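See below for the structure under consideration.
Hydrogens, waters and symmetry mates are skipped; everything else that's a heavy atom, side chains included, is used. Whatever order the structure lists ligands and atoms in, that order sets their numbers, starting from 1. Just so it is clear, the structure is predicted and the values come from calculations on it, not from any experiment.
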Amino acid sequence: MLLNQSKLAKINTFSPTKRTEQGYEIGDVTWSKLQNQWGCEIDTENSTILAEGYPGIGRPHHQAAVTFAEISGSLLQSSNDEDEDDAAAGEARPRAAVGRSSGFLSPAHWRGVRSRSCYRCGRGGGFWGRDQESCLACGARYCAGCVLRAMGSMPEGRKCADCIGRPLATSRRDALGRASRVLRRMLSAAEVELVMQSERECAASQNQMRTEDLYVNGSNLSPEELVVLQGCPCPPSSSRLRPGLYWYDKVSGFWGKEGHKPHCIISANLNVGGLLDQKASNGSTGILINGREITKSELQMLKSAGVQCTGKPHFWVNADGTYREEGQKIVKGKIWDKPIVKLLGPVLSLPTPNKAANQCEEAVHMVNRPIPDYLEQRTIQKLLLVGSGASTILKQAKFLYKNKPFSVDEREDLKLIIQSNIYTYLGILLEGRERFEDEALADRRNSQHDPSSSGRCESGLSDEVTIYSLIPRLKAFSDWILKAMALGNLEDIFPAASREYAPLVKELWNDHAIQATYKRRSELPFLPPAANYFLDKVVDISRTEYELSDMDILYDDGITSSDGLASIEFSFPQMSLGGQGADEPDRQDTLLRYQLIRINNRGLHESSKWLQMFDDVRLVIFCVTASDYDEHYEDANGTIVNKMIESRQLFECIALHRGFEQLDFLLLLTKFDLLEQKINRSPLTSCDWFNDFTPQITRFPLNGSGNQTGPTLAQMAAHYMAAKFKRLFYSLTGRKLYVSYVNALDQESVQSAIRYGRKIVNLEGEELDFGDGDEEETIEPHSLTCVPLLSAGEVC
Ligand SMILES: Nc1nc2c(ncn2[C@@H]2O[C@H](COP(=O)(O)OP(=O)(O)OP(=O)(O)O)[C@@H](O)[C@H]2O)c(=O)[nH]1
Ligand SMILES: [Mg+2]
């Protein structure tokens, strides 16, 4: 049987599991695929692929095994067929790994042989390779299906896992920090932004230009100077900024290679390099601009601009193009004013200023400041937000610090999440209703058999009807939804059909049977507290033209549909003088940038893949839902787990994470309002960890307005939980834990928690002044007005 090249290419994408004398053994899936789709013969005894009549492999009479070593490299041609499923791709052994470990295929070799195919699976890269992403270090290309497998969590940006720690290829420098189409398709906007940021901010030896061989005006650039140069409003083009010797005229912004005419105009007044040498551009005209002897083409340009050049004058040219002769105060004119100069520039290969280069004010501002100060302002303080209830905190932060907290697309995304969640909430209620109805009927039957009862239905309902029973029409709708849920189709039907069914959902929600079920919501552990909020407004929300309110967004459980990683970057707004309190940031602080990064719990469990990306975090904000103490869920093994215990386990895991050894931790006890609502009916001791909670209920005097001045039970419980976490943290790390209590639906409460985080970050080695109690390391919730009730011994 003849195998053509494209088949061979495809075979090569499968995973050889064991090398035999004749070739490689392959897995079962691959076998059947090869047989069914491409008609390969399989030697089932030896588990090898047999090919006939392929030149160089075997003749018809001598069946030869296709070996992967033989068909790799030059025999493989780009395959544009996209008919392989992901499962097959998933089986594929990383070709990069094969090549590197066996040493027969280097990235350079690969590029030479098949420049536009995926380095891992061999597929084509679409039109001009647009559907591919390539490694910034070795240039290996990967298709959309392989890029994440090959590059992993991208701690240094887009590099193959094998290339981590290797410097950027100069030719790829232009792509640094610029996300590709493929990446945007594969990851959420926040994830892309984080990868790009890691890429840009990766340590100097890796992604950044090495400064060892970069000289400006004869002086070797320091890393700080390089940051200034690359971060100015109008930097030299990154693709052209390679190791070498450059000259820079700080006054006019002219920039060029040593011994050559100016090549571009960058921001003026940057504090980089040494003093400009007269012979920097190797000019021979005798005319100087800012101390540099200009070249012949520059002289030609000056003459066209009407500048008098007789007598070999020395000019002083500013960044805006105004010029005067050395030693004179009078400005003679502006070089760039004449349209001919702009026309001549390209002809003489001379630069003309662009808009950004004229924005030199900022640069002037910068040059007057010491560099570390300037660099400090560009540094982003990363705050990692993890744990339960973190999504709502992040959303509040967006409302607090962003002018446009959610884009139209994000709002649309959230609306879809809400619309489909409504049916999940309804499903939970309908299941509960069936259970309660069955229980009620069973109770009734038992009581009928009980000789001591009268045997009649006391409520006046017929024998088969209970308060949980639905009328037939609603029952039919309910059965349909429950069936869809059982089959896992709910998400396929909704939210597409949500508008159509909204009136029926409303009728069902208002029905006495569902309301009776909702009253027993404490027995429905999967029903989120936000269910009634959304079910109350189901008809409105299901309208296509409905626009979400801020509260809808806060109540919504989730941030984006992908929901893996989300972040916002912000500065603390400068307060008006009148509103500036002791706690308000000073002007310096308003220039600092902060980034709040939320990783969801799933991301944390997936072998902490995201955590490895955050070795430069300044503070971990760990959220724990205070009202979780009496709530449970069933894990994958069917074990019932208390949610607070689950939070504690995650907390331990993060506190002990290798990268966070020296980090400050801020514990946010969220949903404090819900704790207040439930603590009186559900004791804190229902969580085993809190079984020694023995609040001392004392009579506190009433204040003048008749209100109790002592702490409430919820406050005592919150302080007790805080102390438990503090002690745990101290036993694990020997460090102190900061704590704040939050109602995440209340903007002010979240604002003070984030400000507290900022205060911790900016302590710079000093500690908050811890007193005997825990006042300084704990921020009280708004409703907490009293001192903590814990004895000093309980606080770490
Ligand atoms: N009453 C009240 N509701 C809250 C509070 N924080 C969050 N919620 C609501 O609780 C629900 C779940 O919120 P999330 O922030 O997603 O909490 P989570 O699901 O526990 O946490 P994530 O793992 O980050 O998703 C949403 O409906 C929120 O509006 C709070 O402090 N008080
Ligand atoms: Mg959530």
Review point. Should A744 be counted as touching ligand 1, given the test is an N or O pair under 3.5 Å?
Key: yes
**Study point:** Per-atom contacts, ligand 1 versus A390 - under 4.0 Å to a heavy atom
**Key:** 21 (O), 24 (O)
Review point. Taking the six-membered ring for Trp, is the centroid-to-centroid distance between W509 and F534 below 6.0 Å?
Key: no
Check your understanding: Does NZ or CZ of R758 come closer than 6.0 Å to the centre of the six-membered ring of F572, within 45° of the ring's axis?
Key -> yes
**Study point:** Ligand-side contact atoms (ligand 1) for residue partner A530, heavy atom cut-off under 4.0 Å
**Key:** 27 (O)
**Study point:** Heteroatom distance test (G389, ligand 1): nitrogen or oxygen, under 3.5 angstrom
**Key:** yes
Review point. Hey, do the aromatic rings of F399 and F406 have their centres closer than 6.0 Å?
Key: yes
Check your understanding: Going by an N to O cut-off under 4.0 Å, is there a salt bridge joining E569 and K382?
Key -> no
**Study point:** Nearest-option assignment for atom 29 (O) of ligand 1, heavy atoms, candidates I393, T392, L554
**Key:** L554
Review point. Could an N or O of ligand 1 be found under 3.5 Å from any N or O of S391, whether backbone or side chain?
Key: yes
Point to revise | Close N or O approach (T625, ligand 1; < 3.5 Å) | key: no
Review point. Are the aromatic ring centres of Y401 and Y594 under 6.0 angstrom apart?
Key: no
Exercise for review: Look at D635 together with K643 and state whether they make a salt bridge at an N to O cut-off of under 4.0 Å.
Suggested key: no
**Study point:** Heavy-atom proximity to atom 12 (C) of ligand 1, best of E676, Q677, K643, K671
**Key:** K671
Study note, to complete from the structure: In ligand 1, the atoms that come under 4.0 Å of a heavy atom of N743 are 30 (C), 31 (O), 32 (N)
Review point. Are H719 and Y741 an aromatic pair by the rule of ring centers under 6.0 Å?
Key: yes
Practice item. Would you check whether P528 reaches within less than 4.0 Å of ligand 1, judged by its heavy atoms? Key: no
